Structures are given as C-alpha cells and as structure tokens.
Amino acid sequence: MKKTSVKRRVFDIIQIGNQNDTASHVFDIFLVCVIILNITAMFLETFDELRAWHGVFNVVETVTVLVFCVEYILRIWTAEYLFPGESRGRAVWKFLRSYDGVIDLLTILPFFFLSGFVVFRMLRVVRIFHLFRINAQYDSFNVIKSVLYEKRNQIASSVFIIVILMLASSLFLYSVEHEAQPQAFRNALSGIWWSVSTLLTVGYGDIYPITALGKAMAIVITFLGVGVVAIPTGIISAGFVEQYTKMQQETPALTGELTTLTIGVDSAWQDRAVKDIEEEYHIDIVLIKRKGKVSAAKAHYVVKVGDQVAYL
C-alpha cells in the first residue's frame, strides 16, 4: 500500500505542466534548467576557443543526461497511472511508443550510442513549452495541432503541387542547360537544388541558368514559386482564423453552463483524482482554481481542500 502511494506521488510530481502541485511545478522548473544546461554545454563544446573548458562541459553533459535517464525510468515505472485501465505491460508499451516516450529515448541514446545524432537533444526543448500551458484544450500548441490536422488534405495537396513543379522545373532546366554547363546540370535530378532554392525564393546563386531560354524559364518559375509557396501559408492562416472564431463562439456557451464549487474539509471530493470524481458523479470537471492559479482539470489531478472546481 505504501509502495503504491509512493509511486502515485512520484507520478504526480513528474507530470509536466501540473501547476496545481507545487512539487510538480518545482520539478518542471528543475527539468527546464537541466535541459538548458545540456543544450548550452552541447553548443559550447563546438567552440575551439573554449577547449580548456571542454572537461567541464563533458561533466555537465554527463550529469544532465543521467537526470534524463532517471526521469525516463520513473516515467516507465509509473506508466500505469498515465494510462489507467490498462495492464502494467500495455501501459509501459503505450508510453514507450507515445510521443513523449520516443522523444525521451531519442534524447538519451545519442549520448551512449549515436553521437552523430546529438541534435535530437534539441527535441527536449518541447518540454519547456508545457510550462506555459494554462488551458489544455485551448492553448496555442493544441490550436496549431488542430489547424494542421483539419487542413491536412489541403496542405498535402499544396505540397504535392510544389513537388511536381519542382521536378518539372528541374527537368526543363536540364534539357536547356545541360549542354551549356554539364557539370551543374548532369541529369534530370541534378537541378533539384536549383529548383528548391528558386521556388522557395531563397536564390543562393551557386547554380543558375546561363542560356537565354533557361533565364526566361527561371523568371517564370520564380514567379510561380512565390504563388505556390503562398498557398499552404494561406491555408494555415485561414485555419487559424476559423479555429479562433470557433473558440470564441464556444467559450460563452461553456461559461454559462459551468457550476462552481469550493472544496471544504468535509467535502467528499477532497484528496480524490478528477477522473474518479467524474466517473462517480457523472460530471465533467473543466477547471480547477488553486492558490489563485486557474488550470484545466486533468484526469490525474487530485482535488484539495480550498480548491475551486468548475464542472458541467
């Protein structure tokens, strides 16, 4: 029983963005500091001028990676609380193949086996964003995810058009420039680099047409590139407008139906998880206000005395 309560407490602490728990919030800040130290050491190691400090950077890197390893092990150990209702083995497997589980593994492995993939540690920066999450349903990151998902077909179509235009322009430039500069345009695919830099309006200038017909076609392709690249940008921008309009329309209706309850010492809800309360009373707990901070009610949150709970 004691072991179970300890495991539950560890799970509550290591949960990212659990602002209702002081220990969890402190752990988040500690983890952010560790991530920043790790990435800083990784960057500073690349400077020859700081070679005398490379020993210190290696120590910092080793210690911070060990912290990542401990955190990863703890998340595996407490996986059954992350996926309630699943068996121990299935919960662990779900975590290992989840987004957070894969990111955690990719940021640890390069230190031991894949030194060439050290850049994967930058993925840990995503963890920092969780500290700025207040409402799990309407925070910025979920809005971005929702927009990309809802507009996935249109975005895929626009990317397909870009790829086709890129291949066509490469093939055309090869046909008109191969004889004039065979080293730059050796085959139909050798002009891909030129096509990408032209269509995306970067224009590095390392490969360019020198024939009159090639230059004329390059002008046309450049103008087409401006329009084609603007297509996915417009789709995503329109998606953001639609998403925020929908949020503004839904929020007033939601607010009018909410019931607020302050948890007292004699409340049957105190020291119970949000998920358990919702299942027993057939309600949907939306927000919890604790010590002046309002946050979305997640399933694993434990309601405490003095909390203000808003539910439907």
Side-chain angles (χ1 to χ4, degrees), residues 1-45 55-133 136 141 271-276 295-302:
M1 184 71 177
K2 184 177 180 181
K3 181 180 178 182
T4 302
S5 62
V6 170
K7 182 185 287 191
R8 177 72 199 200
R9 182 57 184 149
V10 170
F11 171 76
D12 291 337
I13 291 175
I14 65 177
Q15 284 307 294
I16 302 170
N18 187 357
Q19 297 183 359
N20 289 328
D21 191 323
T22 302
S24 178
H25 192 56
V26 171
F27 178 79
D28 285 343
I29 296 174
F30 167 73
L31 195 60
V32 167
C33 294
V34 172
I35 293 171
I36 293 174
L37 278 174
N38 181 270
I39 295 174
T40 302
M42 180 179 65
F43 272 96
L44 293 179
E45 280 181 341
V56 176
F57 298 150
N58 288 332
V59 172
V60 171
E61 187 178 7
T62 302
V63 172
T64 52
V65 169
L66 287 177
V67 173
F68 296 154
C69 292
V70 172
E71 183 210 7
Y72 186 65
I73 293 171
L74 290 177
R75 292 190 183 281
I76 293 176
W77 184 50
T78 60
E80 63 261 38
Y81 295 109
L82 186 62
F83 301 100
E86 299 285 354
S87 64
R88 166 70 182 166
R90 285 184 60 83
V92 171
W93 173 242
K94 273 192 168 184
F95 168 74
L96 291 176
R97 62 189 181 90
S98 67
Y99 175 81
D100 287 338
V102 172
I103 293 300
D104 288 350
L105 185 61
L106 288 177
T107 56
I108 293 172
L109 284 182
F111 180 78
F112 298 100
F113 306 109
L114 306 171
S115 58
F117 294 87
V118 70
V119 70
F120 279 135
R121 292 186 205 165
M122 289 296 296
L123 297 173
R124 282 261 174 184
V125 176
V126 176
R127 290 291 186 86
I128 298 177
F129 296 147
H130 286 273
L131 288 179
F132 303 101
R133 298 182 64 175
F141 305 106
D271 299 324
R272 297 185 61 186
V274 168
K275 180 177 180 294
D276 297 334
S295 60
K298 298 182 180 179
H300 62 271
Y301 279 5
V302 176

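Note that these values count all heavy atoms, side chains included, but never hydrogens, waters or copies made by symmetry. Since the model is a prediction, treat every value here as computed from it, not as a measurement.
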For V102, check side chain to side chain contact (heavy atoms under 4.5 Å, CB included) against everything at least two apart and list the hits.
-> L106

Residues at least two apart in sequence or cross-chain that pass side chain to side chain contact (heavy atoms under 4.5 Å, CB included) with A273, listed by chain then number, are R8, D276

Taking only residues two or more places apart in sequence, or in another chain, which ones meet R97 in a side-chain hydrogen bond (donor to acceptor under 3.5 Å, both in side chains)?
-> none

For L37, side chain to side chain contact (heavy atoms under 4.5 Å, CB included) partners two or more places apart | V60, T64

Check: D104 and F95 side chains under 4.5 Å, non-hydrogen atoms | yes

Within the side chain of R90, is there an N or O that forms a donor-acceptor pair under 3.5 Å with the backbone of E80?
-> no

How far apart are the closest heavy atoms of F83 and A91, and which atoms are they?
-> CD1-O, 3.6 Å

Heavy-atom closest contact (I108 atom, C69 atom, distance) | CG2-SG, 3.6 Å

Ring pair (Phe, Tyr, Trp, His ring centres under 6.0 Å) filter on F11, not counting sequence neighbours, yields Y81, H300

If you look at every heavy atom in I13 and F27, which pair is closest and at what distance?
-> O-CD2, 3.7 Å

Locate the shortest heavy-atom distance separating F57 from E45; write the atom from each residue and the value.
-> CB-CG, 3.6 Å

Roughly how far, to the nearest 0.5 Å, is CD1 of I14 from CZ of R9?
-> 11.5 Å

Report the residues that fulfil side chain to side chain contact (heavy atoms under 4.5 Å, CB included) with V67, sequence neighbours left out, ordered by chain and then residue number.
-> F30, V34

Distance, nearest 0.5 Å, that separates CG of L96 from OH of Y72 | 4.5 Å

Nearest heavy-atom contact between E61 and N38 is O-ND2, 4.0 Å

